[in-house]
Amino acid sequence: DAKTTQPTSMDCAEGRAANLPCNHSTISGNEYVYWYRQIHSQGPQYIIHGLKNNETNEMASLIITEDRKSSTLILPHATLRDTAVYYCIASNAGGTSYGKLTFGQGTILTVHP
Amino acid sequence: DAGVIQSPRHEVTEMGQEVTLRCKPISGHDYLFWYRQTMMRGLELLIYFNNNVPIDDSGMPEDRFSAKMPNASFSTLKIQPSEPRDSAVYFCASSLAGSGANVLTFGAGSRLTVL
């Protein structure tokens with residue numbers, strides 16, 4: 001898996017958009033970008049993933065730069081329940097890499113009232 | 001669906017004792033994973049199964065660890081004998097290959113403390 005770099009921590013005001021950056025400058029052409037989060041004392045939770053195009057689901061939006069060297073996870077209206085560690089992962093979609101997610105240290109997002 | 005169910009949620013045992021952690025994956029999922037999380041090493045994949053067959057156990061730390069999946073709805077991770085360095089949170093996760101690779105649903109975890 002390509003190495004990813006994320007800020008150690010970020011703050012966000014409740015109700016505002018939270019924009020979490022991730023650098024993956026060595027990503028290969030067949031590696032997807034995945035985002036998971038882990039709320040305190042819970043298991044990791046899948047958020048979203050993408051290859052080239054921007055993606056949106058009910059939880060978040062994923063913006064991937066055209067050169068695919070970086071991406072941004074956007075939580076459009078952060079709530080206190082979004083306080084968690086957010087992991088950006090670059091990984092092949094299958095084959096021998098299936099399920100072998102390298103979580104790294106992630107970004108601790110704290111949403112303030 | 002109740003999600004991935006793990007038991008026990010907390011286990012405290014003494015060094016040398018056998019520990020068995022249990023997991024019930026989401027019905028219909030064909031992949032099952034065991035991960036371990038520690039402060040020092042973060043989240044690590046230990047082993048995974050596809051259709052109840054172990055595919056990759058390269059992450060299992062040593063022979064004291066073993067995992068089984070006797071049927072599609074149940075898996076165990078056993079540590080015998082346990083050691084203090086095995087203290088960690090152990091997560092089970094499952095996925096459906098057809099729904100998108102690497103989209104895993106994790107359980108709440110089993111926190112193991114070995115004294």
Side-chain angles (χ1 to χ4, degrees), chain A residues 1-6 8 22 24 27-53 55-60 62 71 73 84-108, chain B residues 2-7 9-10 21 23-26 29-51 53-60 67 75 88-111:
Chain A
D1 295 352
K3 178 178 168 58
T4 61
T5 304
Q6 300 177 249
T8 302
C22 180
H24 32 79
I27 195 169
S28 63
N30 60 353
E31 287 184 313
Y32 286 70
V33 178
Y34 295 85
W35 284 84
Y36 279 76
R37 73 179 182 183
Q38 187 172 22
I39 296 169
H40 183 61
S41 296
Q42 296 184 22
Q45 177 190 25
Y46 165 81
I47 301 173
I48 197 167
H49 75 283
L51 184 63
K52 295 180 185 178
N53 300 322
E55 302 288 345
T56 296
N57 62 20
E58 65 279 3
M59 290 183 69
L62 173 61
S71 61
L73 178 75
V85 180
Y86 286 77
Y87 298 99
C88 170
I89 303 163
S91 181
N92 288 326
T96 57
S97 297
Y98 188 79
K100 292 183 178 180
L101 300 175
T102 303
F103 279 82
Q105 296 304 307
T107 296
I108 301 171
Chain B
V4 176
I5 307 297
Q6 293 188 243
S7 65
R9 289 295 314 278
H10 301 275
L21 307 178
C23 176
K24 176 179 169 56
I26 290 175
H29 279 191
D30 51 1
Y31 280 83
L32 183 139
F33 307 84
W34 283 100
Y35 276 80
R36 177 173 69 174
Q37 185 172 34
T38 61
M39 289 294 293
M40 290 294 292
R41 299 175 67 89
L43 275 156
E44 306 172 279
L45 177 65
L46 300 178
I47 185 172
Y48 78 90
F49 297 81
N50 177 217
N51 292 322
V53 177
I55 303 299
D56 187 338
D57 65 354
S58 59
M60 297 285 262
S75 176
V89 182
Y90 291 82
F91 290 103
C92 177
S94 69
S95 72
L96 179 62
S99 70
N102 289 332
V103 178
L104 278 57
T105 301
F106 284 79
S110 294
R111 180 175 295 276

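Computed from a predicted structure; not experimentally measured. Residue numbering restarts at 1 for every chain, and letters A, B, ... go by the order of the sequence lines.
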Practice item. Using a cut-off of under 4.5 Å on heavy-atom pairs, state which of Asn50(B), Ile55(B), Leu43(B), Val89(B) scores highest against chain A. Key: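 Ranked by heavy-atom pairs under 4.5 Å with chain A, first place is Leu43(B).
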Check your understanding: Which pair of non-hydrogen atoms, one from Tyr35(B) and one from Leu101(A), has the smallest distance, and what is that distance?
Key ->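 Shortest heavy-atom separation between Tyr35(B) and Leu101(A) comes out as OH-N, 3.1 Å.
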Exercise for review: Provide the closest heavy-atom pair for Phe91(B) versus Gln38(A) in the form atom of the first, atom of the second, distance.
Suggested key: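 Scanning both residues, the minimum pair turns out to be CZ-NE2, 3.5 Å.
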**Study point:** Tyr36(A) side chain vs Leu104(B) backbone, donor-acceptor pair below 3.5 Å
**Key:**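 Between the backbone of Leu104(B) and the side chain of Tyr36(A) there is a qualifying donor-acceptor contact (under 3.5 Å).
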**Study point:** Portion of Gln37(B) that has a non-hydrogen atom of chain A nearer than 4.5 angstrom
**Key:**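 When you check distances to chain A, only side chain atoms of Gln37(B) fall under 4.5 Å.
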Practice item. Determine, stepwise, if the pair His49(A) / Asn102(B) fulfils side chain to side chain contact (heavy atoms under 4.5 Å, CB included). Key: CA-CA 9 Å; His49(A) 75 283; Asn102(B) 289 332; over 6 Å; no
